Protein chains: 2
Amino acid sequence: MAENRLEDAVRAVRMHYLQDMTMEAIAREMGVSRSTVSRLISFARESGLIEFRLHLPDEHVPNIEQRIGTQFGITAHVVPVPDTVSELERLERTAMVAARVLNNLFGSDMVLAVAWGNTVEAISRRLVPKTTHNSQIVQLNGAGSTEATGISYASEILSRFGKAYGARIEQFLVPAFFDYADTKRALWRERSVRRILDLQRRADVALFSIGSSTGDVPSHVYRAGYLNKAELRTLKQQDVAGDIATVFFRRDGSSTGIELNERASGPNLSTLKRLRRRLCVAAGNHKLPGLRAALEGGLITDLVIDDGTARRLLT
Amino acid sequence: MAENRLEDAVRAVRMHYLQDMTMEAIAREMGVSRSTVSRLISFARESGLIEFRLHLPDEHVPNIEQRIGTQFGITAHVVPVPDTVSELERLERTAMVAARVLNNLFGSDMVLAVAWGNTVEAISRRLVPKTTHNSQIVQLNGAGSTEATGISYASEILSRFGKAYGARIEQFLVPAFFDYADTKRALWRERSVRRILDLQRRADVALFSIGSSTGDVPSHVYRAGYLNKAELRTLKQQDVAGDIATVFFRRDGSSTGIELNERASGPNLSTLKRLRRRLCVAAGNHKLPGLRAALEGGLITDLVIDDGTARRLLT
DNA sequence: AATCTCTCTGCACGAACGTGCAGACATCAC
DNA sequence: GTGATGTCTGCACGTTCGTGCAGAGAGATT
């Protein structure tokens, strides 16, 4: 029966979307009730069996996207969200679009490196399944903290990606930040760790957001358990604008001389920049300073951003 | 205003299909009525702004398609249609799918050669617009007859294609069949005609159905005004199974020695076979003998066919 | 200025759709 | 055999959507 369900779904979807038939008519032809057809079609949508693809006649790409694209040399996807909605809904809706954009970038025989945090978590809940072969998901930075809640959180995110793409997942079982740079250097020599590092370097697509200390929902790493007050103060003194996967950078996109990076588990920025596609998802104005800096540093190749933040980015 | 309409449509479509919002909610955000949103979205669908793409997890391609595909070495699209519906509806629904399949084959910088007839006419009415650049549509065979109704019929079909793709169209202003082979040979030397012939030879995609003398709706060329009774009798004697664009062939796909082909306006089969993609659309059992022959002769690379006919094809 | 014509919008109604619920049926444990 | 458990289906209801119609507004015509 289970295989039949999928075939039925294909049949129903074809009739509905490709032949413009009503579910009623499809039900009659398939000899089931209309509700069953409705359910088959929902099932098909949820399992990514059908994709809605937008064909913009080039000259009609919304000009915010065009302007962001040309100004920063990236591909931009602007998510229409009115300024009135809550930060949370803005994030959710941006995440939903990001999930679909990701589907166009990631596929068989590829490696996807994912950071973790509020934004990526939201995306992980909205992923549209897509069957791939021989692909892998690798965690981009460690999640261990003094409170130890981060690990299961990160691994849950990761497993959602694995499930959606039918891919093998590789956790990165190290703390987000080390207390001693020496420990990191030592660990980085271990073969188990090097295997992960190597996979990260070979990633075809990296997915991340921008970490920021401000905003209603500050990024995880700026909250208790990861960094202490002294460290946070130091970051501020060094004019840090944001971070990607625990690696900090300044307004001009540079990261040299920021001591904390020596103890961070994420990839240094020059390593990151070697990856082919670097998909950044940024929702909310509090991401702006960090986003500007990341764009300045050329850390991003593809951007999903909400409407309001996009407009402010251009001013 | 006109440009705004398109942008609004894009916005609405994105919210509806990519963010799963109801039209009600979209209307609120855009400050218009729900009906306007509904109309914007219909408009977007009709103008091909949004495409519904089916992702089959490979191993789940309906096995009729798979079997036809491997048995004949082609790509098959089987249109689910119950056996109970009328021939007419079967044709309409097959045509609708064919129009979408064509959109995947044809694009910018390409030449499309179209035959004309009941099937292609139905397709022309269902075309999904798609903007292309520097592409051309060329008529594959002449339409003139002793009754002279065919020309405007064929040119209307052609212009629909041109409109849908924003492409230049080239009519082929010659009769479907010549009375004297000499006339054809003479005309084929004319530069105006050679320009068309050359375009046909350079076509990237050819679109045609199979002509057949049987069935409720026999193909145009088998009806009055094109061939007389003696000619039809001769075809029968020579064991002709069908035709593509006025060029006849036998059960084994061969066409040598069929005298009428010397006087036909369509491309001879070896010329046709040089084209990269040859999309055949066949709806209805009466097309079966001709279709088998065409497949036998390797004249087809892509096939859109209704379910019932597909099943019979495999037996 | 008055009138006509064309296009676009919201309203209102009927058609199409999604989903909680309860019954049917299969599977498994004991 | 009996009951527990889980999955699937159709029904019925509330929601969401498409569309004929009539009014509003913008040019064009006289």
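Quick caveat, the model's predicted, so the values are computed rather than measured. Hydrogens, waters and symmetry mates play no part in the numbers below; they use all other heavy atoms, side chains included. Convention: sequence-line order gives letters A, B, ...; per-chain numbering from 1.
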Please determine whether a side-chain nitrogen or oxygen atom of [X] lies at a distance below 4.0 Å from atom OP1 or OP2 of [N].
{"X": "A:S38", "N": "C:dG18", "answer": "yes"}
{"X": "A:T36", "N": "D:dG10", "answer": "yes"}
{"X": "A:R39", "N": "D:dC11", "answer": "no"}

Nearest whole angstrom, please: distance from the [atom2] of [N] to the [atom1] of [X].
{"X": "B:L40", "N": "D:dG18", "atom1": "CG", "atom2": "P", "value": "12 Å"}
{"X": "A:H16", "N": "D:dG18", "atom1": "NE2", "atom2": "P", "value": "10 Å"}
{"X": "B:I41", "N": "D:dG18", "atom1": "CD1", "atom2": "C1'", "value": "11 Å"}
{"X": "A:D20", "N": "D:dT19", "atom1": "CG", "atom2": "P", "value": "10 Å"}

Any base atoms under 4.0 Å from B:S35, or only sugar-phosphate, or nothing? Heavy atoms, all strands.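 Base contact.
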Compute whether any side-chain donor of one residue and acceptor of the other, for B:K287 and B:T309, lie under 3.5 angstrom apart. no
NZ/NE/NH1/NH2 to OD/OE distance under 4.0 Å, B:E92 and B:R90: no
Restricting to non-hydrogen atoms, name the atom on B:D306 and the atom on B:A283 that form the minimum distance, rounded to 0.1 Å. OD1-CA, 3.3 Å
Indicate the atoms forming the closest heavy-atom contact of B:R160 with B:E121, along with that distance. NH1-OE2, 3.6 Å
